[in-house]
Every structure is written in structure tokens, then in C-alpha cells.
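Note on naming: letters A, B, ... go to the chains in the order of the sequence lines (proteins, then strands), and numbering restarts at 1 for each one. Fair warning: this is a prediction, and the values are worked out from it, not measured in the lab.
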There are 2 protein chains.
Amino acid sequence: MAITIKDIAKKAGVSISTVSLVLNRKGYVAPKTKEKILSVMNRMDYKPLHSARKLATQKTGNIGYIIWEGHFSEVEMFYSQIFLGMEYAARKSDSYILLTTVKEDFDPKNDLPRFLKYNDVDGVALAGRVPHALIEYLDNQQLPFVLIDYELPGKSYNCIKIDNYNGAFRAVENLVLSDKKYIAFVGGTFFHPSIKERYRGYREALEKYNLVDDGYLKKYSYCENIETSRAIGENGATKLLNRQPEIDAIFCCNDTTAMGVITGIQKIGKRIPQEVAVIGFDDIPPAEYNMPKLSTLRVPKLEIGKQAFMLLNELINYPNMAPQTRMISVDLVIRESSHSEGNEQ
Amino acid sequence: MAITIKDIAKKAGVSISTVSLVLNRKGYVAPKTKEKILSVMNRMDYKPLHSARKLATQKTGNIGYIIWEGHFSEVEMFYSQIFLGMEYAARKSDSYILLTTVKEDFDPKNDLPRFLKYNDVDGVALAGRVPHALIEYLDNQQLPFVLIDYELPGKSYNCIKIDNYNGAFRAVENLVLSDKKYIAFVGGTFFHPSIKERYRGYREALEKYNLVDDGYLKKYSYCENIETSRAIGENGATKLLNRQPEIDAIFCCNDTTAMGVITGIQKIGKRIPQEVAVIGFDDIPPAEYNMPKLSTLRVPKLEIGKQAFMLLNELINYPNMAPQTRMISVDLVIRESSHSEGNEQ
DNA sequence: TTGATTTATCGAAACGTTTTAATATATTTT
DNA sequence: AAAATATATTAAAACGTTTCGATAAATCAA
């Protein structure tokens, strides 16, 4: 049987309570005693038993992380990275992240993640597009939760948002200032609010420089409502460039799409970036290894995970906090796909 | 405060023990009593408290899943899928999967995953290439563990293996039977035993049909010891095809590499599969959406996760079981990249 | 000096289960 | 009909912590 708090107490010649106080950095305990206890703990390699602590404190020490099943495995590694950020943050804290997925046709009656069903988490992070019924359920249950990169119009929930608008604006502005005249947009589904925002940033940057005339947006935008963004990119680039050969830059709704776009351009035989410049969004790992290396907006995914975790912890400790939104800003990373002398900035 | 077993006992007019027996499907309980208790539980929406159960049973109800950090986020979604398979299996059981990563330069003294440090798991699954020091540590701790898609020469640990050899053999045999004469291999690092096995399958299939003459393997193999397999693929295809234009098929060590290979071939301007056929390995999700759709060997990743979980559960319940290896077989999936009439088989 | 306050320690209850051993009743075997 | 066995229920101990309230000693204010 493993070492318990009792053993430590006996060995250190103090009561269990005192050991517990030291363990939890609470109350008054004389420096000498404290030191003694710590040294004994160390020597005996004492590991407090999770379940016993949790039983006494009535907390679980777990945080749930829920994403849509498709997001987990199909297309993006985006949400896995966010998970990793949370996990890194959790390592320093006293909790574990329980990752689970939900299906599109989620029904709270039958499909409730097990950790919700059995109250095994103190709070939940929801990333990306997620069933509204689930959000409502959590709201009703009064369980602390944060939305990551998602929002519900008209509702004020705790969220971690990405500054999609400004990122897109900056990218397109950069293209304009590099003397690009016909800047296209290739994007996926507009179900997702983030994509909408990126499109808005694209549009408003063009407006700022008076580039949009009648029909511009129709002519130079390509959107398709499917989930496999690489294919969207390849289709989009092909169709747009065949129809409007004057296009000299393409801003893409995300990196996966951008990588498809690049393939499309290459197949047509135009040079990147000299003839057509490409900028993506997200900075997923392959972006850097793509050929040419992809210019993009770096979304600090690990940081987002960390912020989500920290916000959640606050919510757990101060349940009456007013809902807050944290905006995470993004950096324009210039690589080979948009500028000949691809120097990072 | 939530409903406890006490409340159920009182309401049902029985003792706590009886309720517990029903909860755990143990001992003798009269059908009537049982039914009564179950109905009360149901009516009151009783949820047994994890920490209390775990304290009493001295188990954690958690299973750790450890992968190398690079594998998690950089290149492959392979290991995430396996995780998902474990998570699905865990849903039906009474445990949670705790996912964490370790770094290449792992040192058991400092970098021990928190759930190992604090004994918060009953068992561990290790996927892919993983620090040997970690494996040794687990072995010493007598903590049940399973290796997934990895092995240590000379050691007999519990593992879930993929039938890499036969898969590769079958793929290459299929190419031979489709009248391909010059079948190349493009692969990544040989650090990983699975890649070695795939190469062996490639070689032996060629030998079976007496295709290998002097220098064949040197001439037609391309391996590079880096981790970004897409780039390996593109480089490999380019170099091989320029040097040996007679190549009419390429078997790749995995799908990511294969997708790079396809890009490389396309840039050279050869037609797939008419001039060069391509087969990958793994069947990662993008394989199906690639253009052309990628022929590959389907590795049942969810199934692997499930098997790992189940084996682990057995090990936990019967600690003295002899180590066993479970071989998971793979299916050849023919899509567009290898045969003109891409019909699945 | 006395009384109030701060510092330090501890005993004991509480957290919600499982499990062991005891007891009681019903059924089967002799 | 007695003995043995199977069925059904329970009280109480145990699991390893945290925390409340009590107590004691040390320090401070008057």
C-alpha cells in the first residue's frame, strides 16, 4: 500500500491536519514544522491520492473539452492544437483535460458526454462549431463553460475569440500595398462565424482602398458549402483563374484551403507568388513545410488553449463572474507564397 | 447537494449496502428489491460520485494515452484517430482517457506525465515511437501498459501491431499483377519499425516475382530521415522520376508521403495512374479527398484504439497475464491513384 | 498586569462509496 | 426433521483526504 498522509504525519511527528495545511498552503504553520514536513514528504515520495482529495473537496479536478467529431479527425489539426494548449496549462494546475467529441445530430437526452452525465468535470471548453442544444444544456446546468472560436448571435457567453476580422484586413491590405490589383477570396462554409468575419475583413480592406467596384465581390469570391477545404481550394482557384485570368492574389479562408489553392494554381501553370500571391489563415503546421511555404495569419493555438483553461478556472472559482470575451490577436506571417523575398515579419 | 446513495437507500427502504450491490451488479439481491431500487435511482436521477467510488475501490478509472509530441500535432492525424478509438471504447466502460504528450528528449526524472507522477491511471497506452526510458519506467513500476504500433526488439511487451508486412506485400503484388514493371519505394525515417516492415513487404513482393535484379532496390528506393513526410514524397518522386523515367509505380511508406509523391508526379507532368501508379499506407482521412483519390492500405485506427483499450482492461483485471501481441490486419483500398477504373475492392 | 489578537497545532467529523463478515430467511439435501 | 446450503439483507469498517472548531502558546495593546 502506498504512502498516505498518516505516514507523513507520524514520521514528522505532527497531526494529519498540519500535514494537510502544508499540502494546501493554507492557514498558519511554523516555518520549521513546514520544512520538516516537506522534507519528510519528499523523502518518502508521498503522492496525495486524487480520489480522496476530490471526495473531500467536492471537486472533480477535471475539465471537459468537446469538439465536433468531424473537426477532430477529418480536416483540421487546429482543434487538436488548442487541446494541447489546454493540456499544457493543466499540467501546471491540478486538473486533467477530458477530450470527447459530439456528433452533428447531437441530442442531449441520449448523446450527453459521459463526463457531463456523471458530473465528472468542473467546467467545459467547447471548440468550434458545436451543437446549440449542448450549449443550452450547459447553460441550464449552471456548469461553467467557455466557447472557443465560436459564438451565438445575441447571447453573451464566455468566449475566447480570434481576431479574424483584423487579421484578414491586415493580410488583404498587405496584398494591396504590394501592388496586387485583383484580389480574390476562396472560402468554405459560412456556417462558421469565423469565416464570415474573415470575409468581412477581406471586403472592408478592399473598400478602404476603393478597389471594389460593381460586381467585384461576385466576380472574385468563391465559396462552397462543403467541409473538405483542400478540395474547395483547388476547385476555387481553378474556376476563378480560368474565368478571371487577371487575378493576381488569392486570400483564403484558411490554410487547408490555401494549400488546395496553391495546387490549383500550380496545375494551371502560373507562378507563385510572382503571378498569383496566396495568403492563408491559421498557420497550421504543414503551412511551413508546404512548397512554396505558405504566408498566413498565425493563430496562437496553444495560447488559445491556455486562455480557455485559465478563464475556465476563474469561472470555477468565482461562479458569479460576469461573462467575458477574450480576443486573441493574430500575426501576419509572410513566407514564400505571397512575396518573392519571403522574409518573416 | 446532489443525490447520494443514502437518499436512494432511504427512499427505497433498504440499506446502503443493498443499493451498492445493485449498483455494482454483485451478490444476491431479490429481483423485486432490485427493481424497486433501480426505479428510485432512475426517478431521482442518481449519479454515483466518481471520487467516492474510486476512493473505496482504490482504482482511478483512468487510462493514460501517451504519444510523442511531434506525432500529435505535426504530421499525422493517425495517432489522434487511435485516441478516438480508445475514447469510444472508454465510453462504454467506466473510464476516461487522459491524453498527454512527451518530448523526444524525455527524462523520467523530470518529464514524467502528471498522471504517472501521481498514480492517476490504472494503465497506459503508448502509441508510435516513444522514449525507451518511459517504457522502462512503466515496466519497473509494474503499471500495465500497451505499445501501439511500436515494439522493442528482444522485449516481449504487450502490443497492438499493424500487419505492415502483409499490407505492403499485397499492395506491391497488386501493382505487379497490374503489369507495373518498375515499382519504386518512397519512405521516411527508418527509426520506426513499422516503416521497416513496410519496406520489407515491398522487397519481398518484388522478390516473389523475380523483379529485383542487381541494384534494383538502390535505384528505386528513396528514403530521407526527416519527419515531414509530405516534403519527402515530393522530393522523392521528383528525384526518382528524373533519374529513372521508366518508373511506372510508386509504393509509399504512408499516405502523407504519397500525397507529396502525387504532387511531385503532377509537377513533372506525368499522368496518374496511367503513367505512374501510386499506393500509400494508413488511409488517413484526406486520402479519400485527394485528387486523384489515393489508393492505400486501410489501417483500422478506431479498431486499434479499441483493441488497445480492451487489452489494457484485461491487464488491469488480471495482472499476471502473459504478455500478448495482437496483430491488426489491413485492407487494400483501390482508388484512383493506382487504377484507372478506381473501384474499391 | 490583563485582555485581546495573532500564530500554531490538533482532534474529530465529514465527504460518498465499497466490502467484509454477520445474520436471517428460504430452499435443498440427507 | 435436522443439517446443509443458497439466498437476501445489513451494520460497520475502511478508503485518504479536507476542514471546522477547539485549544494552547506567543505576541501585542492598554
Side-chain angles (χ1 to χ4, degrees), chain A residues 1-38 40-41 44-62 94-96 117-122 316-317, chain B residues 1-38 40-41 44-62 94-96 117-122 316-317:
Chain A
M1 193 93 313
I3 306 291
T4 75
I5 198 172
K6 241 185 210 163
D7 303 314
I8 304 296
K10 193 177 286 174
K11 204 75 165 185
V14 296
S15 76
I16 289 181
S17 328
T18 309
V19 177
S20 177
L21 289 178
V22 171
L23 205 56
N24 297 287
R25 299 170 191 75
K26 272 187 187 169
Y28 302 112
V29 49
K32 255 192 196 163
T33 327
K34 189 174 187 172
E35 207 171 324
K36 171 81 181 165
I37 292 175
L38 284 174
V40 173
M41 279 182 176
M44 303 186 72
D45 191 24
Y46 167 61
K47 301 165 183 183
L49 190 71
H50 222 79
S51 48
R53 299 187 90 167
K54 295 319 166 189
L55 175 58
T57 55
Q58 297 290 80
K59 300 212 164 171
T60 71
N62 296 326
D94 191 29
S95 36
Y96 295 111
K117 210 151 140 193
Y118 294 107
N119 295 132
D120 280 339
V121 290
D122 301 327
I316 291 166
N317 294 324
Chain B
M1 195 93 311
I3 306 291
T4 75
I5 199 171
K6 242 186 209 161
D7 302 315
I8 304 295
K10 192 177 286 174
K11 205 73 165 184
V14 297
S15 76
I16 289 182
S17 325
T18 309
V19 178
S20 178
L21 288 180
V22 170
L23 205 56
N24 297 287
R25 298 171 191 77
K26 272 187 188 170
Y28 303 112
V29 170
K32 254 191 196 164
T33 327
K34 189 173 186 175
E35 207 172 323
K36 170 80 184 166
I37 292 175
L38 284 173
V40 173
M41 278 181 175
M44 304 186 73
D45 192 25
Y46 166 62
K47 303 165 182 182
L49 191 71
H50 222 82
S51 47
R53 300 187 90 169
K54 296 319 167 190
L55 175 57
T57 55
Q58 297 290 79
K59 300 211 165 172
T60 70
N62 296 325
D94 191 30
S95 37
Y96 294 110
K117 209 153 141 192
Y118 293 108
N119 295 131
D120 279 340
V121 289
D122 301 327
I316 291 167
N317 294 325

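For the pair Y118(A) and dT17(C), the criterion of a side-chain N or O lying under 4.0 Å from OP1 or OP2 is not met. Between K26(B) and the phosphate of dT19(C), there is a side-chain N or O to OP1/OP2 separation shorter than 4.0 Å. The shortest distance between the side-chain N/O atoms of T18(B) and the OP1/OP2 oxygens of dT10(D) is below 4.0 Å. Using a 4.0 Å cut-off, some side-chain N or O of Q58(A) falls inside it from OP1 or OP2 of dG16(C). Here T33(A) reaches the OP1 or OP2 of dT9(C): one of its side-chain N or O atoms lies under 4.0 Å away.
D120(A) and T60(A) share no donor-acceptor pair across their side chains, judged by distance under 3.5 Å alone. Under 3.5 Å, the side chains of T18(B) and S15(B) contain a donor-acceptor pair of N or O atoms.
One finds the OG atom of S51(B) at 6.5 Å from the CD atom of Q58(A) (value rounded to the nearest 0.5 Å). To the nearest 0.5 Å, the span separating CG on N119(A) from CG on N62(A) amounts to 12.0 Å. Rounded to the nearest 0.5 angstrom, N24(A) CG and D94(A) CG are separated by 9.5 Å.
Against DNA chain D, the stretch residues 5-17 of chain B makes heavy-atom approaches under 4.0 Å through V14(B), S15(B), S17(B).
Shown here is K47(B), whose NZ atom has more than 12 heavy atoms of other residues, nucleotides or ligands within 6.0 Å.
Per the geometry, NZ belonging to K32(A) stands 12 Å off P belonging to dA8(C), to the nearest Å. Atom pair I37(B):CD1 and dA8(D):P shows a separation of 13 Å (rounding to whole Å applied). Atoms CG (L49(B)) and C1' (dC15(D)) sit 14 Å apart, rounded to a whole Å. Distance K36(B) NZ to dT9(D) P: 13 Å, rounded to the nearest Å. Protein atom CZ of R53(B) is 16 Å distant from nucleotide atom C1' of dC15(C), rounded to whole Å. With rounding to whole Å, L21(A) atom CG is found 9 Å from dT18(D) atom C1'. Summarising the geometry, the separation between CG on L23(A) and C1' on dT19(D) is reported as 13 Å, rounded to the nearest angstrom. Atom CG in L55(B) sits about 14 Å away from atom P in dC15(C), given to the nearest Å.
Pairing each heavy atom of L23(A) with each of P48(A), the nearest pair is CD2-CB, 4.1 Å.
Side-chain proximity of Y28(A) to the nucleotides dT19(D), dT7(C), dT19(C) is greatest for dT7(C). When distances are taken from the side chain of A30(B) to each of dT19(D), dT9(C), dT9(D), the shortest belongs to dT9(D).
Looking at heavy-atom distances under 4.0 Å, K54(A) makes no contact with the nucleic acid at all.
Along DNA chain D, the nucleotide nearest N24(A) and the nucleotide nearest K34(B) are compared for position; the residue whose nucleotide lies closer to the 5' end is K34(B).
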